[in-house]
Q: 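Sharing a structure below in structure tokens format, with a few things to ask.
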There are 2 protein chains.
Amino acid sequence: MRIGDAAAAAGTTPRALRFYEQRGLLHPPARTASGQREYGPAEVARVRVIRRLLALGLTVDDLASRAHRLDLLAEDRPWRCSATPGLDTFAPVVSARLATLDAEIARLTELRGRLAHHVATGGADLPADT
Amino acid sequence: MRIGDAAAAAGTTPRALRFYEQRGLLHPPARTASGQREYGPAEVARVRVIRRLLALGLTVDDLASRAHRLDLLAEDRPWRCSATPGLDTFAPVVSARLATLDAEIARLTELRGRLAHHVATGGADLPADT
DNA sequence: CTAACCCCTGACCCTTGCGTCAGGGGCAAG
DNA sequence: CTTGCCCCTGACGCAAGGGTCAGGGGTTAG
């Protein structure tokens with residue numbers, strides 16, 4: 001499977017795959033004699049895992065620092081913290097992400113409230129610099 | 001008043017003032033014979049207004065396209081939509097910003113829910129690509 | 001006069017996850 | 001053999017709001 005097909009199978013683009021490889025999320029794949037990357041189903045599965053974790057808001061660096069555990073999250077395995085030794089290496093980054101999400105939601109909600117208030121009152125009470 | 005003092009008075013940096021000037025938020029100020037920018041209290045007030053609007057999430061481009069109305073928001077004036085003709089030129093951009101804030105809050109809240117769910121269940125149900 | 005700041009312009013750096021060329025080579029079909 | 005699609009690497013672009021030099025000049029106190 002060449003990069004275009006692998007990317008399509010994983011729901012992304014060749015550019016993204018090369019990018020993940022460059023950033024250490026994917027092991028350098030086998031190459032054909034002419035230098036073209038060759039992917040198998042396992043790598044495609046791994047890319048799918050990567051995409052889902054990214055969609056949850058984890059960063060490329062988060063995943064890169066735990067690249068050696070990424071295969072533990074393959075979709076065809078039973079993926080449970082209690083049943084998958086080593087999976088809990090993701091717990092810190094996930095809870096950190098949860099915290100930043102909460103902070104961000106709170107910030108935006110606060111902001112939304114102020115902005116709506118301005119509209120309602122005609123903006124007579126601009127807040128001080130925050 | 002030179003740029004450093006003006007920036008400090010407005011709670012920001014010289015770089016930001018030059019940036020606002022370059023982007024059309026500030027009129028080019030008077031210059032001394034040697035070319036140094038000279039600011040008065042009115043420009044400082046204007047910068048404060050700019051900073052507050054930016055803090056509310058409006059963009060530099062939003063403000064640039066309405067730069068001619070910015071002085072209407074000076075803090076020492078009574079700032080009311082109904083009493084300040086022309087102020088309503090900000091209404092569209094403010095309501096647009098409100099809409100994007102709502103969308104963003106909803107998105108993050110959704111994300112937070114999924115992430116928390118993963119933690120709770122051990123992540124056995126990864127969502128499809130979204 | 002000179003140190004110690006301050007200011008000037010222009011230009012590159014940052015963050016994130018890739019998109020988009022640019023220039024050159026590979027590979028199966030007609 | 002040629003067309004047409006795919007792949008390679010390397011490098012720049014983006015969005016936003018400035019930060020941070022680099023190199024050169026002003027200004028004011030001692």
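So that the names make sense, note that chain A is the first sequence line, chain B the second, and so on, each numbered from 1. Computed from a predicted structure; not experimentally measured.
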Q: For M1(B) and dC6(C), what is the distance between atoms CE and P respectively, to the nearest whole Å?
A: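 Roughly 15 Å, once rounded to whole Å.
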Q: Rounded to whole angstroms, how far apart are CD on E38(A) and C1' on dC8(D)?
A: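 Rounded to whole Å, this separation is 14 Å.
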Q: Starting at CG of L63(A) and ending at C1' of dC18(C), how long is that distance when rounded to a whole Å?
A: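 Going from CG in L63(A) over to C1' in dC18(C) covers 15 Å.
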Q: Please check the phosphate of dC27(C) (OP1 and OP2 only) for any side-chain N or O of S34(A) closer than 4.0 Å.
A: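 For S34(A), the contact criterion (side-chain N or O under 4.0 Å from OP1 or OP2 of dC27(C)) is met.
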Q: I need the single residue from R114(A), R112(A), R107(A) that forms a side-chain hydrogen bond (donor to acceptor under 3.5 Å, both in side chains) with E110(A). Which is it?
A: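 Only match with E110(A) under side-chain hydrogen bond (donor to acceptor under 3.5 Å, both in side chains): R114(A).
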Q: Nearest 0.5 angstrom please: L111(B) CG to E104(B) CD, how far?
A: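 If we round to the nearest 0.5 Å, L111(B):CG and E104(B):CD are 9.5 Å apart.
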Q: So, R48(A) side chain and A9(A) main chain: donor-acceptor pair closer than 3.5 Å or not?
A: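 Yes, R48(A) side chain to A9(A) backbone: donor-acceptor pair under 3.5 Å.
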Q: Which letters describe nucleotides 9-23 of chain D, given B = protein heavy atom under 4.0 Å from base, S = only from sugar-phosphate, - = neither?
A: B-B-----BBBB---
Q: Whole angstrom is fine here: how far is it from CD1 in I3(B) over to P in dC7(C)?
A: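 Taking atom P of dC7(C) as the reference, CD1 of I3(B) is at 7 Å.
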Q: If you take all heavy atoms of R46(B) and A67(B), which pair is closest and at what distance?
A: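 The answer is NH2-O, 2.9 Å.
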Q: Expressed as a whole number of angstroms, how long is the span from Q36(A):CD to dC7(D):P?
A: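 Interatomic distance, CD of Q36(A) to P of dC7(D): 7 Å.
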Q: Nearest 0.5 Å, please: how far is CZ in R37(A) from CZ in R31(A)?
A: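 Taking CZ in R31(A) and CZ in R37(A), the distance rounds to 4.0 Å.
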Q: Which atoms form the tightest heavy-atom contact between Y39(B) and E21(B), and what is the distance?
A: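 Distance-wise, the nearest heavy atoms are OH-OE1, 4.0 Å.
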